Amino acid sequence: MNNEILYILLPDYAAHEIVYLSQAIASDEYALKENPKYINKVVAPTMEPVKSIGGFRTLPDYSFETMPDDYAALVLIGGFGWTTPVAGQVVPIVRKAIESGKVVGAICNGASFMAKCGFLNTVRHTGNGLEQLKLWGGDNYTNPDGYIHAQAVCDKNIVTANGSAPLEFAKELLLLLENDTPERIEMFYQFYKQGFCTLFPAQSE
């Protein structure tokens, strides 16, 4: 199996939602990993740089046309692009990933897009609130009972999260991908959740 994790970035993507996961994949607390289990790759509609909400431009590794069929996980990063026509090009990509049993992650509007396409109808899930999932999903969203009011939810190889939960999103995907031991993943999570000063208080002399 290809060990690449593919991050789908649409124009005006939410850059903060990719940070924790991609960093934990590529590095530990000391430095870049010499032999990481997975490799981060960016997929965008074309090979042109894709702009974040904040104005940063990211150069894709693949376009929708050149992305590989074999990979470890597909991650839909949120942002405003999911409300535009270009998002429709992602539908067959996600459908194929789910049918192939790939790990799929979707955060913020990426999760709402999943509801819109009916991809959350057989799994427990979360997102930017049940009302938004219903609004986006319309008649295609038939699983409101599967909604869980939580920061992030993992079920059947699908991880969903709301836009305020990039850290919880990362934790669930890291566990599902077995990127490290559960203990080290929990240490990573607590470090960024609680803060350096909380975990490592100053020692009095």
Side-chain angles (χ1 to χ4, degrees), residues 1-11 13-15 17-28 32-50 52 57-79 81-82 85-125 152-161 166 169-182 184-185 188:
M1 179 187 71
N2 189 311
N3 71 336
E4 293 180 345
I5 296 178
L6 305 184
Y7 300 82
I8 292 188
L9 304 185
L10 299 185
Y13 71 91
E17 295 172 359
I18 198 173
V19 172
Y20 292 116
L21 177 59
S22 59
Q23 180 172 308
I25 292 296
S27 68
D28 55 28
L32 289 171
K33 297 175 181 175
E34 291 187 7
N35 298 295
K37 185 173 182 179
Y38 299 104
I39 303 296
N40 296 314
K41 295 290 184 178
V42 169
V43 180
T46 70
M47 292 302 293
E48 293 297 314
V50 59
S52 74
R57 296 182 183 274
T58 299
L59 187 64
D61 297 288
Y62 304 115
S63 69
F64 290 162
E65 292 185 353
T66 63
M67 63 177 286
D69 291 326
D70 189 22
Y71 50 85
L74 185 73
V75 182
L76 280 57
I77 298 300
W82 295 105
V86 71
Q89 299 177 42
V90 185
V91 176
I93 296 173
V94 175
R95 181 179 293 115
K96 185 176 181 179
I98 292 174
E99 291 175 351
S100 301
K102 303 287 189 186
V103 169
V104 176
I107 183 171
C108 192
N109 282 349
S112 299
F113 166 81
M114 294 278 282
K116 179 179 180 179
C117 300
F119 294 136
L120 302 182
N121 290 339
T122 61
V123 296
R124 291 177 291 118
H125 58 275
V153 173
C154 177
D155 189 31
K156 298 180 183 177
N157 273 8
I158 294 179
V159 176
T160 50
F169 184 59
K171 177 183 176 181
E172 293 297 334
L173 280 166
L174 293 170
L175 289 169
L176 186 57
L177 290 164
E178 297 181 343
N179 185 66
D180 210 326
T181 65
R184 288 188 60 80
I185 292 172
F188 159 84

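In what follows, every heavy atom counts, from backbone to side chain, and hydrogens, waters and symmetry copies are set aside. The residues of the chain are indexed from 1 along the displayed sequence. Bear in mind the structure is a predicted one, so any value in this text is a computation, not a measurement.
Ile25 places none of its side-chain heavy atoms less than 4.5 Å from the side chain of Pro36. Side-chain atoms of Tyr13 and Ile8, non-hydrogen and from C-beta on, never get closer than 4.5 Å to each other. The shortest distance between side-chain heavy atoms of Lys102 and Leu74 does not fall below 4.5 Å. Within the 4.5 Å cutoff, no side-chain heavy atoms of Glu172 are placed close to those of Val153. Between Leu9 and Ile18, the closest side-chain pair of non-hydrogen atoms falls below 4.5 Å.
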>> I'd like to know whether Asp155 forms a side chain to side chain contact (heavy atoms under 4.5 Å, CB included) with His125, so could you lay out the CA-CA distance, the side-chain angles of the two residues, the decisive distance to 0.1 Å, and finally the verdict.
In response: CA-CA 7 Å; Asp155 189 31; His125 58 275; over 6 Å; no
Would you mind writing out the side-chain donor-acceptor pairs for residues 105-119 within the sub-3.5 Å range, not counting sequence neighbours?
residue, atom, partner, partner atom, Å
Asn109, OD1, Gln132, NE2, 3.0
Asn109, ND2, Gly79, O, 3.0
Ser112, OG, Gln132, NE2, 2.7

Let me have the donor-acceptor pairs involving side chains of residues 92-100, under 3.5 Å, with sequence neighbours excluded, atom names and distances please.
residue, atom, partner, partner atom, Å
Lys96, NZ, Asp69, OD1, 3.1
Ser100, OG, Lys96, O, 2.8

Side-chain donor-acceptor pairs of residues 39-50 under 3.5 Å, sequence neighbours excluded:
residue, atom, partner, partner atom, Å
Asn40, OD1, Tyr7, OH, 2.6
Asn40, ND2, Ser22, O, 2.9
Thr46, OG1, Glu48, N, 3.1

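Glu17 and Gly78 make their closest contact through OE1-N, 2.8 Å (heavy atoms, listed as atom of the first residue, atom of the second, distance). A pairwise comparison of heavy atoms in Leu174 and Ala24 identifies CD1-CB, 3.6 Å as the closest pair. Considering every non-hydrogen atom in both Ile77 and Ala14, the closest pair reads CG2-O, 3.5 Å.
At least one donor-acceptor pair under 3.5 Å links the side chain of Ser27 to the backbone N or O of Gln23.
A search for side-chain hydrogen bond (donor to acceptor under 3.5 Å, both in side chains) contacts involving Asn157 returns nothing, not counting sequence neighbours. With sequence neighbours left out, Asp28 forms a salt bridge (Lys or Arg N to Asp or Glu O under 4.0 Å) with no residue at all. Partners of Asp180 under the side-chain hydrogen bond (donor to acceptor under 3.5 Å, both in side chains) rule, at least two apart in sequence or in another chain, are Arg184. Tyr20 pairs by the side-chain hydrogen bond (donor to acceptor under 3.5 Å, both in side chains) definition with nothing, not counting sequence neighbours. Applying the side-chain hydrogen bond (donor to acceptor under 3.5 Å, both in side chains) rule to Thr122 yields no partners; only residues at least two apart in sequence or on another chain are considered.
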